[in-house]
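Each remark here refers to the structure printed beneath this line.
If you read the sequence from its start, that first residue is 1, and numbering goes on from there. Being a predicted model, the structure only gives us computed values, none of them experimental.
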Amino acid sequence: QVQLVESGGGLVQAGGSLRLSCAASGRTFRSLSMGWFRQAPGKEREVVAVISGGGTMTRYGEFVKGRYTISRDAAKNTVYLQMNDLKPEDTAVYYCAADESPGSGLRIGMQYYTSWGQGTQVTVST
């Protein structure tokens, strides 16, 4: 099973930017699709973005609207989420997760992501 550790969350003003990082270890990182998900207080967890093992394919949640970019660095075993033009409604705990079924293609459904990090808090103030 892959181990995941997120970092980079914090407090930012509306309109600002943050870059989240997710360091992976324990399995062949390059073969796994990776994703970012978030959960706001009182709301269900939702998909933010997912990226294929090779990094050539990405998909985003509908709310992103071009504000976020997911990427990965195979040499560093790390996945990133660049978030721009942040809004107060982006306040949530952001989780990194791995789809541990290589060869299944890029899947966006949360149920396919079986290893999860502990999450990192992002708070956007007005």
Side-chain angles (χ1 to χ4, degrees):
Q1 190 175 24
V2 63
Q3 288 78 48
L4 304 170
V5 179
E6 303 99 331
S7 61
L11 175 63
V12 63
Q13 288 189 330
S17 298
L18 281 175
R19 188 176 80 155
L20 306 183
S21 299
C22 172
S25 63
R27 277 199 59 179
T28 307
F29 173 74
R30 301 183 187 196
S31 66
L32 303 181
S33 294
M34 301 291 295
W36 285 98
F37 302 83
R38 72 181 189 181
Q39 188 164 19
K43 295 188 177 181
E44 293 187 353
R45 195 170 296 189
E46 61 181 346
V47 61
V48 177
V50 295
I51 187 167
S52 60
T56 57
M57 294 186 294
T58 58
R59 296 177 67 183
Y60 293 89
E62 291 185 2
F63 70 90
V64 171
K65 300 186 187 302
R67 298 183 297 127
Y68 295 1
T69 302
I70 189 171
S71 62
R72 65 192 297 161
D73 185 333
K76 296 182 178 180
N77 276 11
T78 300
V79 178
Y80 302 99
L81 183 68
Q82 177 67 44
M83 304 187 293
N84 299 324
D85 189 23
L86 284 162
K87 307 176 187 300
E89 52 265 39
D90 294 318
T91 295
V93 177
Y94 284 70
Y95 298 91
C96 175
D99 179 350
E100 294 184 283
S101 297
S104 298
L106 182 58
R107 303 187 287 191
I108 200 168
M110 204 179 317
Q111 67 271 26
Y112 301 114
Y113 291 78
T114 50
S115 282
W116 292 77
Q118 81 288 350
T120 185
Q121 176 71 47
V122 171
T123 303
V124 185
S125 64
T126 55

If I compare all heavy atoms of Phe29 with all of Ala74, which pair ends up nearest, and what's the gap?
CE2-CA, 4.3 Å
Could you tell me which non-hydrogen atom of Glu100 sits nearest to which non-hydrogen atom of Ser115, and how far apart they are?
OE1-OG, 2.7 Å
Tyr95 and Trp116 aromatic ring geometry - parallel, tilted or perpendicular at 30°/60° bounds:
perpendicular
Could I get the full list of side-chain hydrogen bond (donor to acceptor under 3.5 Å, both in side chains) partners for Tyr113, not counting sequence neighbours?
none
Val122 and Asp90: side chain to side chain contact (heavy atoms under 4.5 Å, CB included), yes or no, with the steps?
CA-CA 8 Å; Val122 171; Asp90 294 318; 5.5 Å; no
I'd like to know if the side chain of Glu6 reaches the main chain of Gly119, judged simply by a donor and an acceptor atom lying under 3.5 Å from each other, with no hydrogens or angles considered.
yes
If hydrophobic clusters are built from ILVMFWY residues whose side chains come within less than 4.5 Å, do Tyr80 and Leu18 share one?
no
Cluster question for you: counting only ILVMFWY and a side-chain heavy-atom cut-off of under 4.5 Å, with indirect links fine, are Ile51 and Leu81 together?
yes
Is it the case that one hydrophobic cluster holds both Val47 and Met83, taking links as side-chain heavy atoms less than 4.5 Å apart, direct or via other members?
no
Test item: Leu11 and Ser125 side chains (from C-beta on) under 4.5 Å apart, heavy atoms:
yes
Heavy-atom distance under 4.5 Å between the side chains of Ile108 and Tyr60, does that happen here?
no
Go through the steps for Glu89 and Phe63 under the test side chain to side chain contact (heavy atoms under 4.5 Å, CB included), then give the verdict.
CA-CA 10 Å; Glu89 52 265 39; Phe63 70 90; over 6 Å; no
Counting only N and O atoms by type, is there a donor-acceptor contact under 3.5 Å from the side chain of Gln3 to the main-chain atoms of Gln1?
yes
